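A short write-up of the structure that comes next.
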Amino acid sequence: MQINITLPDNSIRNYESGVTGLGIAQSISEGLARVALAIEVNGNIQELNRTITEDAAIRIFTWNDDEGKKTLWHSSAHIMAEAILFFYADALLTIGPPVENGFYYDVDFQGKAFGSDDFEKIEKKFLELAKSGETFVRKEVSKAEALAVYAGNPYKTELIENLEDGSITFYYSGNFVDLCRGPHIPNSNVIKAMKVTATAGAYWRANQANKMLTRIYGISFLKQKDLDEYMMRIEEAKKRDHRRVGQELELFAFSEKVGKGLPLWLPKGTRLRETLIDFLKKVQEAYGYQQVVTPHIGSKQLYETSGHWEKYGKDSFQPIRTPEEGEEFMLKPMNCPHHCEIFASRPRSYKELPLRLAEFGTVYRYEQSGELHGLTRVRGFTQDDAHIFCRPDQVKEEFKKVIDIVLYIFKVLDFKEYVAQISLRDPDNQTKYFGTDEQWEIAQNAIIEATAEKGLPTVTELGEAAFYGPKLDFMVRDALGRKWQLGTIQVDYQLPNRFELEYVGNDNQKHRPVMIHRAPFGSLERFIAVLIEHTGGDFPLWLTPEQVVVMTIGEKFEAYGHEVVNILKNNGIRAIIDERSEKIGKKIRDAEVGKYPYMLVVGEKEMENRAVSVRRRKEGDLGTKTIAEFVEFIQAEIAEQLK
RNA sequence: GCCGAUGUAGCUCAGUUGGCCAGAGCACUUGAUUUGUAAUCAGGGGGUCGGGGGUUCGAAUCCCUCCAUCGGCUCCA
């Protein structure tokens with residue numbers, strides 16, 4: 001019998017019923033057959049060696065497709081598990097999926113230690129097994145059979161019990177068998193390079209109450225060269241790590257004496273911070289925001305009113321007490337309750353809405369010690385926070401304006417690789433949220449509509465909402481590909497209720513405002529960390545801590561050098577002088593390494609002509625300009641960046 | 001918080017079959033040099049070897065414990 005196979009280009013080919021994916025690949029080209037890893041048949045990804053007996057639309061996947069990589073890595077997880085069992089026969093296997101960069105297998109070593117010493121022997125065994133040319137053979141088994149095979153393994157038993165009888169499959173490869181849905185690559189011998197990259201603890205089923213397993217991460221490739229390139233990329237990325245660059249450029253530091261997770265901002269880092277703050281203040285002023293300032297602590301009662309105490313009391317620094325009266329105060333974990341009280345400080349009219357209160361508010365949160373990470377996860381940080389109090393009918397419009405601010409900021413900073421994520425509540429677990437279904441419905445729709453009307457591409461995540469409302473988060477990746485949340489915009493009907501906020505409408509009746517929480521950077525600390533990693537510390541001219549280094553040729557020109565610096569400073573340009581008795585080559589090298597954008601060399605001929613020799617970092621000598629020309633030149637460049 | 005790893009000068013790192021006063025480069029400092037577009041030369045200071053405890057005639061090196069950091073997990077208002 002003949003069947004019709006539809007290829008991705010919509011062309012149709014005829015095959016004998018029972019043809020395999022590999023057969024189809026071979027009929028298209030031998031080259032394709034050699035690199036084919038998996039096939040999609042009517043939407044289901046499966047092995048190339050499975051037969052196809054009816055008309056189908058297919059796609060063949062290779063290393064160049066995510067599906068191909070995933071299949072290869074999934075198969076690699078099996079081979080790694082086989083290698084692990086070779087050395088640790090008693091180890092209990094659990095799950096071994098592919099991930100973004102490679103794969104892992106979670107193993108219960110039953111008390112035996114597995115450490116970095118094991119990496120090499122696993123890699124060696126892995127390559128040996130791969131080379132032996134194992135095929136992956138699929139077998140359907142009954143639930144009873146499956147349970148019998150895994151009688152001694154509570155993890156697999158638990159997995160099997162949650163599966164439908166009749167849908168359970170095992171995969172045999174070499175001497176190894178694993179409960180697995182598949183699919184797998186045709187033959188393990190295509191894998192030529194593999195590395196065990198890390199081990200980590202991981203809770204069974206991601207639940208802290210369960211036993212901690214040993215997660216072994218690995219990555220595999222079809223070519224040794226690809227592995228080498230991958231390792232090189234990781235090394236390059238590490239050079240951009242904000243913790244390293246921040247130390248090298250003297251932006252911030254940590255001190256054990258001060259406490260972990262509490263960054264100290266050094267002068268240059270502070271200058272960067274202040275520049276960002278000034279920039280954002282100007283933008284926000286243009287959008288009708290008003291700056292406010294509130295204290296770093298607030299009475300515990302404030303947070304009982306807001307609900308934060310109930311929800312996050314355990315995750316906060318514990319309240320501090322006044323010595324005489326025993327009043328309890330909390331280090332503020334949020335600015336919003338304070339801002340609610342500013343709203344409530346006098347009667348409000350509908351005419352003053354939307355009221356937009358902004359504050360660069362420093363907050364303190366208890367983060368688990370193992371979770372602290374450079375500037376991206378700290379215990380004390382400053383939010384570029386603001387709260388918009390508005391009428392319910394203004395929510396969508398205000399939300400759109402905030403999106404405009406975020407997108408403008410990202411544009412100026414040349415941030416392109418972000419993901420806008422709509423975080424909605426978990427429909428299966430609504431008890432962890434405050435508020436009525438109706439309010440959630442309205443708020444969620446406002447966000448969905450606002451992003452749609454702005455044409456902002458978004459992804460939607462259920463269960464990621466705040467306890468008081470849904471939000472739109474802007475996610476970015478750091479140098480090593482880890483995801484972090486930066487900006488956030490959140491709609492909140494709860495806090496105005498809890499603080500009984502009211503305004504008088506044009507009907508002379510009292511009404512409840514809606515709040516929008518928003519922070520385009522999220523936290524300055526995290527934002528700067530990501531900025532450092534995206535730029536490698538090579539900040540845009542307008543933002544960099546010191547824009548110009550004036551370097552003197554000899555001590556005769558020091559007075560002139562200082563004069564140049566003063567003129568630059570008077571024109572709002574951040575400049576310093578290097579008047580060490582070093583050769584000009586040394587000064588230039590230090591400035592290049594220190595990432596100062598402009599170097600101005602001043603010597604005899606410059607002094608005579610009231611000029612400077614301009615050198616742009618990474619580009620080299622740009623020739624001579626008068627001081628006035630240079631001021632105009634650099635100001636034009638800065639203005640262009642802020643457009 | 002949990003699992004694993006790491007911790008030698010301000011920074012990057014040498015230094016294990018346990019054994020001379022613990023080393024280098026950069027940085028810092030002093031002196032000489034006054035320099036023309038990516039590293040001038042010579043001297044000097046600086047380390048409770050993360051903290052504490054133990055084993056030993058003897059510990060940076062072996063053991064225990066605490067702390068910090070790193071990679072994950074969990075969490076993230």
Side-chain angles (χ1 to χ4, degrees), chain A residues 104 106 109 113-119 197-217 238 241 243-244 247-248 250 253-257 259-261 303 306-316 332-337 363 365-374 376-377 383 385 434 464-469 471 480 482 484-485 488 490 492 494-495 517 551-558 579-594 599-606 613-623:
Chain A
Y104 66 79
D106 280 351
F109 282 99
F114 184 92
S116 45
D117 300 341
D118 292 295
F119 287 18
T197 49
T199 62
Y203 301 104
W204 169 239
R205 302 226 133 177
N207 186 336
Q208 222 164 348
N210 288 341
K211 184 167 180 181
M212 181 160 270
L213 309 168
T214 304
R215 175 166 299 178
I216 303 170
Y217 284 93
K238 280 182 181 164
D241 191 311
R243 292 164 297 189
R244 174 175 170 159
Q247 180 184 293
E248 283 168 357
E250 295 184 38
F254 289 91
S255 152
E256 285 187 26
K257 283 205 189 77
K260 57 188 167 187
Y303 299 99
S306 72
H308 288 106
W309 174 253
E310 179 193 335
K311 209 76 193 172
Y312 293 103
K314 285 191 293 296
D315 301 320
S316 300
K332 88 174 160 186
M334 288 295 286
N335 303 302
C336 33
V363 297
R365 296 176 184 179
Y366 168 73
E367 301 285 358
Q368 297 185 113
S369 60
E371 195 49 55
L372 299 171
H373 182 97
T376 48
R377 197 72 185 269
Q383 296 179 312
D385 211 1
F434 291 170
E464 293 292 314
F467 70 86
Y468 49 73
K471 47 183 188 159
L480 290 170
R482 290 175 289 223
W484 299 96
Q485 179 198 310
T488 180
Q490 318 179 350
D492 182 359
Q494 308 316 318
L495 232 41
H517 307 242
M551 34 189 75
T552 51
I553 294 286
E555 63 190 11
K556 280 181 292 194
F557 315 109
E558 279 173 20
E579 51 188 347
R580 295 174 300 168
S581 82
E582 294 286 354
K583 288 187 171 176
I584 198 69
K586 168 70 168 165
K587 294 185 184 183
I588 286 169
R589 181 184 150 75
D590 286 348
E592 290 277 345
V593 172
M599 291 154 249
L600 300 182
V601 177
V602 296
E604 189 68 48
K605 58 179 194 262
E606 288 80 10
S613 257
V614 183
R615 183 188 167 97
R616 182 76 159 103
R617 178 174 134 73
K618 284 180 164 173
E619 288 173 25
D621 199 344
L622 300 185

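Computed from a predicted model, the values in this text were never measured in an experiment. Order of the sequence lines sets the chain letters (A, B, ...), proteins ahead of strands, with each chain counted from 1.
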Flag, side chain of A:Lys587 to backbone of A:Ser581, donor-acceptor distance under 3.5 Å:
no
Remember a base hit wins even if backbone is also touched, and classify A:Arg615 as base, sugar-phosphate or nothing at under 4.0 Å, heavy atoms.
base
Salt bridge between A:Arg615 and A:Asp621, side-chain N to carboxylate O under 4.0 Å?
no
Quiz question: going by heavy-atom distance under 3.5 Å, is there a donor-acceptor pair between the base of B:G72 and the side chain of A:Tyr203?
no
N or O in side chain of A:Lys586 less than 4.0 angstrom from B:C26 OP1/OP2:
no
Just the rounded figure in Å: distance from P of B:U35 to CZ of A:Phe557.
7 Å
Spacing of A:His308 atom NE2 relative to B:A77 atom P, expressed in whole Å:
9 Å
Using the closest heavy atom to pick a nucleotide of RNA chain B for each, name whichever of A:Glu464 or A:Gly585 lands nearer the 5' end.
A:Gly585
Picking from B:U35, B:G4, B:A77, the nucleotide nearest the side-chain atoms of A:Ser581 would be B:U35
Against the side chain of A:Glu606, the closest entry in B:G36, B:G72, B:A77 is B:G36
Rounding to the closest angstrom, what is the interatomic distance between B:A38 and B:A5 at atom C1'?
38 Å
Nearest heavy atoms of A:His373 and A:Trp484, plus distance in Å
CD2-CZ2, 3.9 Å
In whole angstrom, give me the gap between the C1' atoms of B:A27 and B:G10.
7 Å
Could you work out the separation of B:G15 and B:C49 based on their C1' atoms and round it to a whole Å?
11 Å
Let me know the distance between CD of A:Glu579 and P of B:U33, rounded to the nearest Å.
19 Å
Using whole Å, report how far CD of A:Glu592 lies from P of B:A39.
11 Å
What I want to find out is whether A:Glu256 reaches A:Lys260 closely enough, with some N-O distance under 4.0 Å, to be called a salt bridge.
no
Pairwise P distance, B:C63 and B:U56 [rounded to whole Å]:
16 Å
Candidate nucleotides B:C76, B:C2, B:G1, ranked by approach to the side chain of A:Gln368 - the nearest
B:G1
Intra- and inter-strand pairing of RNA chain B, written as dot-bracket with Watson-Crick and G-U pairs under 3.5 Å and | for the latter, reads (((((((..((((.....[...)))).(((((.......))))).....(((((..]....))))))))))))....
Show each protein N/O and nucleotides 65-69 of chain B N/O combination with a separation under 3.5 Å, one pair to a line.
{"from": "B:A68", "atom 1": "OP1", "to": "A:Lys260", "atom 2": "NZ", "distance (Å)": "2.7"}
{"from": "B:A68", "atom 1": "OP2", "to": "A:Lys260", "atom 2": "NZ", "distance (Å)": "3.1"}
{"from": "B:A68", "atom 1": "O2'", "to": "A:Glu256", "atom 2": "OE2", "distance (Å)": "3.4"}

Distance in angstrom units between A:Glu558 CD and B:U34 C1', rounded:
10 Å
Regarding A:His373, tell me which of base, sugar-phosphate or nothing describes its non-hydrogen contacts under 4.0 Å with the strands shown.
sugar-phosphate
Measuring from the side chain of A:Arg377 (C-beta onward, heavy atoms only), which nucleotide among B:G1, B:C73, B:C76 has the closest atom?
B:C76
B:U8 versus B:A60 - spacing of their P atoms, nearest Å
15 Å
CA sep, side-chain torsions, deciding dist, call: A:Val614, A:Met599, side chain to side chain contact (heavy atoms under 4.5 Å, CB included)
CA-CA 6 Å; A:Val614 183; A:Met599 291 154 249; over 6 Å; no
Show the nearest heavy-atom pair for residues A:Ser613 and A:Glu606, with the distance to one decimal.
OG-OE2, 3.0 Å
Between B:G51 and B:C67, how many Å separate the two C1' atoms, rounded to a whole number?
7 Å
Answer yes or no: is there an ion pair linking A:Glu367 with A:Arg377, defined by an N-O contact shorter than 4.0 Å?
yes
A:Phe467 vs A:Tyr312, test: ring-ring contact (aromatic ring centres under 6.0 Å, His included). Steps then yes/no.
CA-CA 10 Å; A:Phe467 70 86; A:Tyr312 293 103; 5.7 Å; yes
B:U33, B:C73, B:U40: which one has an atom nearest the side-chain heavy atoms of A:Glu582?
B:U40
Does any donor-acceptor pair link the side chain of A:Ser613 with the base of B:U37 at a separation under 3.5 Å?
yes
Provide, to the nearest angstrom, the distance between the CZ atom belonging to A:Phe119 and the C1' atom belonging to B:A5.
9 Å
Are the side chain of A:Arg365 and the backbone N or O of A:Ser316 linked by a donor-acceptor pair below 3.5 Å?
no
What is the distance from CD of A:Glu248 to P of B:A27, rounded to the nearest Å?
14 Å
Side-chain donor-acceptor contact under 3.5 Å, A:Tyr468 with A:Gln490:
yes
Six-ring centre of A:Phe434, A:Lys311 cation under 6.0 angstrom, axis tolerance 45°:
yes
For atom CD of A:Glu250, decide whether the heavy atoms of other residues, nucleotides or ligands shown that lie under 6.0 angstrom number more than 12.
no
With rounding to the closest Å, how many angstrom separate the P atoms on B:G54 and B:U17?
26 Å
Give me the ring orientation class for A:Phe114 and A:Phe109: parallel if the planes are under 30° apart, tilted from 30 to 60°, perpendicular past 60°.
parallel
Is the backbone N or O of A:Arg215 less than 3.5 Å from a side-chain atom of A:Thr199, with the two atoms forming a donor-acceptor pair by type?
no
Mind checking A:Ala202 for me? I need base, sugar-phosphate or nothing, with any heavy atom below 4.0 Å counting as a touch.
sugar-phosphate
Taking only the side-chain heavy atoms of A:Tyr468 (C-beta and beyond), determine which of B:G4, B:G72, B:A77 contains the nearest atom.
B:A77
Round to a whole Å and report the spacing from CZ of A:Arg482 to P of B:C76.
20 Å
5′-ward residue of the pair A:Gln208/A:Asp241 relative to RNA chain B:
A:Asp241
Considering only side-chain heavy atoms of A:Ile553, which listed nucleotide, B:A77, B:C73, B:U35, is closest?
B:U35
Considering only B:A38, B:C76, B:U35, which nucleotide approaches the side chain of A:Arg589 most closely?
B:A38
I'd like a list of close polar pairs between nucleotides 9-12 of chain B and the protein, N/O only, cut-off under 3.5 Å.
{"from": "B:C11", "atom 1": "O3'", "to": "A:Gln247", "atom 2": "NE2", "distance (Å)": "3.0"}

Inter-nucleotide P distance (B:U61, B:U6), Å rounded:
14 Å
